[in-house]
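Presented below is the structure to which this report refers.
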Amino acid sequence: QVQLVESGGGLVQAGGSLRLSCTASRRTLSNSAMAWFRQAPGKERQFVAAISWSRGTTYVEDSVKGRFTISRVTDTVYLQMNSLKPEDTAVYYCAARSNPLARTTELDYEFWGQGTQVTVSS
């Protein structure tokens, strides 16, 4: 069973930065696309960013484009979040799929982390 472990969440003031990390428990994910989703209180989980395996192709949701960057090194995926806003407050989830091509839909991802809380104060 693959496990994904997120870290790096916390409390930050608006305009600040955080970097989230997600590491897979084993190297089964060496040929897998990975992504970040988030869920704010009372809202559905939404796509944030995804990265493919082979070419490192990335997709970033429009509301965070220019502020968030996704990257990866083998089994670890990162989400660099700059210029954070209060509306970025959410639980951030790491996800992986058994396919090298990145997708932006939650249902395309089979493996999920437990989530890490990001809180941005105004």
Side-chain angles (χ1 to χ4, degrees):
Q1 182 69 20
V2 174
Q3 290 184 328
L4 302 175
V5 180
E6 302 104 333
S7 62
L11 173 63
V12 65
Q13 289 187 333
S17 298
L18 284 173
R19 188 176 81 155
L20 305 183
S21 300
C22 172
T23 301
S25 61
R26 58 193 178 107
R27 298 187 68 83
T28 300
L29 298 182
S30 62
N31 194 35
S32 299
M34 298 181 76
W36 290 95
F37 290 77
R38 67 184 180 184
Q39 188 168 21
K43 295 186 177 181
E44 294 185 350
R45 191 154 55 184
Q46 68 168 156
F47 169 77
V48 176
I51 186 166
S52 65
W53 167 250
S54 57
R55 297 184 178 182
T57 303
T58 61
Y59 301 93
V60 181
E61 200 272 329
D62 285 345
S63 68
V64 304
K65 198 168 291 183
R67 301 189 296 121
F68 290 12
T69 303
I70 187 170
S71 60
R72 70 182 298 171
V73 177
T74 57
D75 293 344
T76 300
V77 63
Y78 302 95
L79 185 68
Q80 178 66 44
M81 305 185 295
N82 298 326
S83 302
L84 282 161
K85 303 176 181 180
E87 51 262 45
D88 295 319
T89 295
V91 177
Y92 283 71
Y93 295 91
C94 174
R97 63 193 302 255
S98 301
N99 188 295
L101 300 179
R103 290 291 183 267
T104 63
T105 304
E106 185 177 346
L107 291 176
D108 286 318
Y109 291 84
E110 304 143 64
F111 308 107
W112 291 84
Q114 293 299 309
T116 185
Q117 177 70 46
V118 171
T119 302
V120 184
S121 62
S122 57

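The residues of the chain are indexed from 1 along the displayed sequence.
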**Message:** Could you check whether any side-chain heavy atom of W36 comes within less than 4.5 Å of a side-chain heavy atom of F68, counting everything from C-beta outward?
**Reply:** no
**Under 3.5 Å side-chain donor-acceptor pair for S98 and E110** = yes
**Asked** Would you say the side chains of T23 and T76 form a donor-acceptor pair under 3.5 Å?
**Response** yes
**Asked** Hey, are the side chains of E6 and L20 touching, using non-hydrogen atoms and a 4.5 Å cut-off?
**Response** no
**Message:** What I'd like to find out is whether the side chain of V118 reaches to under 4.5 Å of the side chain of R38, using heavy atoms alone.
**Reply:** no
**Over 12 foreign heavy atoms within 6.0 Å of CD, Q114** = no
**Asked** Out of curiosity, Q3 CD to F111 CZ, how far, rounded to the nearest 0.5 Å?
**Response** 11.5 Å
**Asked** T116 side chain to Y92 main-chain N or O, any donor-acceptor pair under 3.5 Å?
**Response** no
**Asked** Can you tell if the side chain of M81 reaches within under 4.5 Å of the side chain of V12, non-hydrogen atoms only?
**Response** no
**Fill in**
Of all heavy-atom pairs linking S17 and S83, the shortest is OG-N, 4.3 Å
**Request:** Following the transitive rule for hydrophobic clusters with a side-chain heavy-atom cut-off under 4.5 Å over Ile, Leu, Val, Met, Phe, Trp and Tyr, establish whether L4 and L79 coincide in one cluster.
**Result:** yes
**Request:** Give a yes or no answer on whether the side chain of R97 reaches the backbone of L101 with a donor-acceptor pair at less than 3.5 Å.
**Result:** yes
**Complete:** CZ of R72 to CD1 of I70, rounded to nearest 0.5 Å, is 8.5 Å
**Asked** Nearest heavy-atom pair of T104 and F37: which atoms, and what distance?
**Response** O-CE2, 3.9 Å
**Message:** Given 3.5 Å as the limit, does a donor-acceptor pair link the side chain of T89 with the main chain of V120, or not?
**Reply:** yes
**Asked** Looking at side-chain heavy atoms only, is the closest gap between R67 and K85 below 4.5 Å?
**Response** yes
**Gap separating the OH atom of Y93 from the CD atom of Q46, nearest 0.5 angstrom** = 12.5 Å
**Request:** State, to 0.1 Å, how close A14 and P86 come at their nearest heavy-atom pair, and which atoms those are.
**Result:** CB-CD, 4.1 Å
**Message:** Using side-chain heavy atoms (C-beta onward) and a distance below 4.5 Å, is W112 in contact with R45?
**Reply:** yes
**Asked** Roughly how far apart are S52 OG and N31 CG, rounded to 0.5 Å?
**Response** 10.0 Å
**Request:** Mind listing the closest non-hydrogen atom pair of A102 and T57 along with its distance?
**Result:** CB-O, 4.5 Å
**Message:** Working to the nearest 0.5 angstrom, can you tell me the gap between Y78 OH and C94 SG?
**Reply:** 11.5 Å
**Request:** Provide the closest heavy-atom pair for Y109 versus A96 in the form atom of the first, atom of the second, distance.
**Result:** CD2-C, 3.5 Å
**Asked** When you check the gap from the basic side-chain N to the acidic O, do D62 and K65 get nearer than 4.0 Å?
**Response** yes
